[in-house]
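Working notes, structure below.
Residue numbers begin at 1 in each chain, while the letters A, B, ... track the order of the sequences.
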Amino acid sequence: MPSKEVLDWLRVDFFPHIWCPGCGHGIIMHALLRALASLGCEKERTVIASGIGCSSRMPGYIDACTVHTTHGRSLVFATGIKLANPELTVVNVMGDGDCAAIGGNHFIHACRRNIDITAVVLNNSIYGMTGGQVSPTTPIGAYATTAPYGAIDPPFDLCNLAAAAGATYVARATVAQPQLVEQYIKKGIQNKGFSVVEVMTHCHTQFGRRNKLPRPIDNINRFKQVSVTKTKADAMKPEELEGKIVIGELMDRKRPEYVEQYLRLIERARGQVA
Amino acid sequence: MAEVAFWQGNKAIAMGAIAGGCTFFSGYPITPSSEIAETLAEELPKIGGRFIQMEDEIGGIAAAIGASIAGRKAMTATSGPGFSLKQENLGLAYMAEIPLVVVDIMRGGPSTGLPTRVSQQDVMQARWGTHGDHATIAYAPSSVQECFELTIAAFNASERFRQPVIILGDEVVGHMREKIVIPDAGSYQVVNRKRPTADPEDFVPYKPDPSDDVPPMASFGDGYRWHVTGLTHDEWGFPTDEPSEIETKIKRLVQKVNRFRKDIVRYEVFYGEDAKVLIVSYGSVARSSLRAVREARQKGLKVGHFRPITLWPFPDEELKELASQVDVVIVPELNCGQMLLEVERAVNGKAPVVGKSLVNGELFQPSDILSAIEEVA
Ligand SMILES: Cc1ncc(C[n+]2csc(CCOP(=O)(O)OP(=O)(O)O)c2C)c(N)n1
Ligand code: SF4
């Protein structure tokens with residue numbers, strides 16, 4: 001049961017939510033709300049943006065300024081919102097398909113700009129909402145409705161992608177470590193720049209049933225087994241890391257933030273006019 | 001004192017946007033619209049506004065919608081293929097009722113088509129390009145002066161009706177340079193969206209004002225909390241499957257514009273009084289047509305010109321009235337007959353309607369239109 005502070009951030013009038021019982025998305029929403037509440041964010045100045053997918057239904061349940069956009073495009077809506085009003089705290093939630101397939105281009109460009117938005121990627125390695133099709137993060141060999149013989153497309157490592165593209169804070173955890181998820185989202189929001197928090201979650205309904213993990217608990221147990229901390233992983237050989245999920249803060253650095261740069265540009269332009 | 005300048009149409013659209021209160025532009029370069037982005041990249045920072053070049057046209061419209069939700073008057077501009085890319089999010093702006101101006105400087109198509117050549121092949125895309133039902137407001141400027149003035153009008157209409165409004169320019173209008181009289185600030189009306197007066201706790205974001213069917217709009221950051229979605233939603237902005245709520249929402253999207261059709265529709269008539277031949281044309285084609293009409297008059301032919309300025313809503317009632325006194329209507333168009341169908345619908349059998357289409361990337365010569373007149377006169 002959420003604490004009162006967290007409950008305050010929920011639009012309970014709109015429950016029951018659409019997620020399947022046991023879906024990992026709820027754990028992540030709870031972690032996000034704990035992060036917002038403990039940072040003392042104000043609902044009227046907090047924007048939660050999302051694209052389309054099961055994960056992207058999250059903003060509807062959060063009592064803040066929320067926007068549910070088109071599939072893959074939430075980061076560009078969020079970019080407009082942040083640039084229009086830099087005083088807003090902007091968090092973007094999206095699924096793996098939303099983020100890396102249809103929205104892949106927007107994702108790398110948001111990283112490149114280093115705009116002050118926190119992207120929470122709910123990576124369940126499948127398309128949940130549309131019924132279990134393959135995603136750019138489905139592991140090789142896993143089954144999906146559009147990969148009935150097992151996936152052959154190599155998956156993306158979203159954190160490596162984000163770090164290479166310029167994001168300044170990049171962290172990963174699984175739904176088996178909800179405290180870490182909360183902590184990383186908090187750090188992401190505090191980071192002045194583009195932050196990516198990848199949360200490995202499960203879709204037992206679509207992915208699990210086809211891949212021998214039909215119950216939520218099977219998935220949580222698996223996450224516990226295969227998670228390795230970054231510190232440990234750094235000392236491991238590539239073969240040993242096969243099939244493991246590296247969790248931890250994978251990037252934390254400073255680079256000029258986009259909106260700050262733009263506000264400086266305005267000063268320069270106005271100086272020239274004056 | 002109003003200032004006089006020698007501007008390109010695209011520059012006039014950019015400056016008209018600023019005059020209309022625009023402080024946000026996001027887009028992706030494409031010929032023949034790029035000068036709009038280039039002008040605003042230079043001008044917006046000077047007034048504390050924002051310009052951002054996005055990674056593609058989809059990002060261009062999405063960021064502009066985001067900025068509008070956060071309280072700014074926002075615009076994006078593009079041409080043919082870019083306009084196609086914007087359609088999905090244009091639909092979101094209709095559904096979520098977000099004010100926005102979208103400029104399409106038409107070039108020849110389909111596909112990459114003719115980047116530097118004129119056409120009017122996007123008029124139906126402007127009306128029906130996105131999926132789903134909604135009302136469209138689109139202005140077609142025919143001069144540099146109008147590029148400026150209609151962009152202000154487009155912002156005003158988008159703020160008043162809470163929806164995207166389209167400027168459908170064509171390559172010739174966008175690229176031609178001519179004299180413009182820049183009106184003094186304060187000499188024209190600037191409309192701002194209706195803000196809620198309700199207490200934030202009582203705010204129902206999609207509850208329409210019965211006087212105009214338009215709900216007042218809060219901005220993210222101004223003390224109200226609300227939910228924006230492209231899903232069909234109820235008055236609270238939350239997804240609904242309730243048939244009556246769905247129907248109310250979709251019908252209101254159409255009705256809020258239809259109800260005020262008279263305020264929106266603009267058109268111009270020359271030599272209408274005694275015309276027996278009526279030319280109907282818009283955008284750059286209206287320039288050639290008018291010249292042809294004048295030449296025909298000098299030859300004693302009773303020819304008039306009707307120019308729709310709003311292509312949507314189409315001035316059909318007004319055209320029908322005029323058409324009932326003429327013997328024939330000629331529609332010269334830079335496409336294979338898109339607006340011709342609308343004209344036929346409007347004229348409704350009162351006079352025969354003849355199309356004259358040109359799709360070779362060139363603009364009609366006045367002599368082309370004059371010979372079309374002479375054929376029927
Ligand atoms: C333009 C467009 N293409 C396709 C879809 C259909 N669609 C809806 S959600 C989705 C994928 C969802 O997967 P993911 O982003 O991983 O989120 P999840 O549902 O797994 O949380 C797709 C393909 C759409 N809504 N819009
Ligand atoms: S389909 Fe999968 S991702 Fe969607 S709610 Fe159900 S379990 Fe969650």
Side-chain angles (χ1 to χ4, degrees), chain A residues 11 13-14 18 42-50 52 56-57 59-88 90 102-103 105-106 108-110 112-113 115 258-259 262-263 265-270 272-274, chain B residues 23-26 41-74 76 88-93 95-96 98 100 200 218-231 233-234 236-239:
Chain A
R11 289 173 174 147
D13 296 2
F14 298 103
I18 66 152
E42 279 174 63
K43 298 183 205 180
E44 291 76 13
R45 308 184 84 71
T46 304
V47 175
I48 317 284
S50 74
I52 297 292
S56 285
R57 285 301 185 95
Y61 307 120
I62 301 178
D63 188 17
C65 298
T66 52
V67 46
H68 176 229
T69 67
T70 43
H71 190 32
R73 316 300 175 192
S74 52
L75 277 173
V76 273
F77 282 85
T79 298
I81 291 169
K82 183 70 189 178
L83 185 56
N85 184 352
E87 302 200 334
L88 297 168
V90 183
I102 192 165
N105 196 31
H106 304 308
I108 57 173
H109 285 276
R112 171 177 73 92
R113 283 186 195 107
I115 184 159
Y258 186 79
V259 181
Y262 195 83
L263 295 178
L265 176 152
I266 289 180
E267 278 171 27
R268 269 192 288 135
R270 296 188 127 174
Q272 279 173 19
V273 180
Chain B
T23 60
F24 194 100
F25 180 94
S26 49
E42 195 173 330
E43 297 300 324
L44 278 172
K46 294 183 194 164
I47 58 159
R50 276 90 165 124
F51 168 90
I52 183 168
Q53 182 169 319
M54 297 302 290
E55 49 272 22
D56 57 26
E57 284 83 353
I58 300 172
I61 185 166
I65 296 171
S68 182
I69 294 170
R72 288 178 182 269
K73 291 191 186 179
T76 188
E88 186 197 17
N89 283 328
L90 191 59
L92 180 130
M95 180 58 107
I98 311 299
L100 174 75
S219 308
F220 283 4
D222 69 1
Y224 290 83
R225 318 189 285 280
W226 56 298
H227 185 56
V228 180
T229 179
L231 285 165
H233 47 260
D234 61 18
W236 280 269
F238 293 96

**OP:** Assess whether atom CD of Q53(B) is packed by more than 12 heavy atoms of other residues, nucleotides or ligands within 6.0 Å.
**Re:** yes
Toward chain B, the part of [X] with a non-hydrogen atom under 4.5 Å:
X: V67(A); result: both
X: I48(A); result: neither
X: R112(A); result: neither
X: L83(A); result: both

Original post:
Does H106(A) reach the side chain of T79(A), with side-chain heavy atoms less than 4.5 Å apart?
Top reply: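 SC-SC contact between H106(A) and T79(A) ruled out.
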Contact leader toward chain B among [options], where contacts are heavy-atom pairs under 4.5 Å:
options: I62(A), T66(A), V76(A); result: T66(A)
options: D63(A), L263(A), L265(A); result: D63(A)
options: T69(A), N85(A), T70(A); result: T70(A)

Subject >> Backbone N/O of L92(B) and side chain of N89(B): donor-acceptor pair under 3.5 Å >> reply: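 Such a contact is absent between N89(B) side chain and L92(B) backbone.
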Original post:
Is it the side chain or the backbone of R72(B) that comes within 4.5 Å of chain A heavy atoms, both, or neither?
Top reply: side chain
Subject >> Part of F220(B) within contact of chain A (heavy atom distance under 4.5 Å) >> reply: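 Both parts, backbone and side chain.
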Original post:
If you look only at pairs with a residue in residues 67-79 of chain A, which of them pass as a salt bridge (Lys or Arg N to Asp or Glu O under 4.0 Å), with sequence neighbours excluded?
Top reply: none
**OP:** With sequence neighbours excluded, tell me which residues meet salt bridge (charged side-chain N to carboxylate O under 4.0 Å, His left out) with K73(B).
**Re:** none
**OP:** Heavy atoms only, distances under 4.5 angstrom: which of A74(B), P200(B), S26(B), A63(B) has the most pairs with chain A? Name it, please.
**Re:** A63(B)
Original post:
When only pairs under 4.5 Å are counted, which of A64(B), G230(B), S68(B), G48(B) shares the most heavy-atom pairs with chain A?
Top reply: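 With the most close heavy-atom pairs to chain A, the winner is G48(B).
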Subject >> Shortest non-hydrogen contact from S50(A) toward H68(A) >> reply: OG-CD2, 3.5 Å
Original post:
From H233(B) NE2 over to F238(B) CZ, what is the distance, rounded to the nearest 0.5 angstrom?
Top reply: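 Taking NE2 in H233(B) and CZ in F238(B), the distance rounds to 10.5 Å.
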Original post:
Given the rule in the side chain to side chain contact (heavy atoms under 4.5 Å, CB included) test, do L100(B) and F24(B) qualify, once you have shown the distances and angles that lead to the verdict?
Top reply: CA-CA 10 Å; L100(B) 174 75; F24(B) 194 100; over 6 Å; no
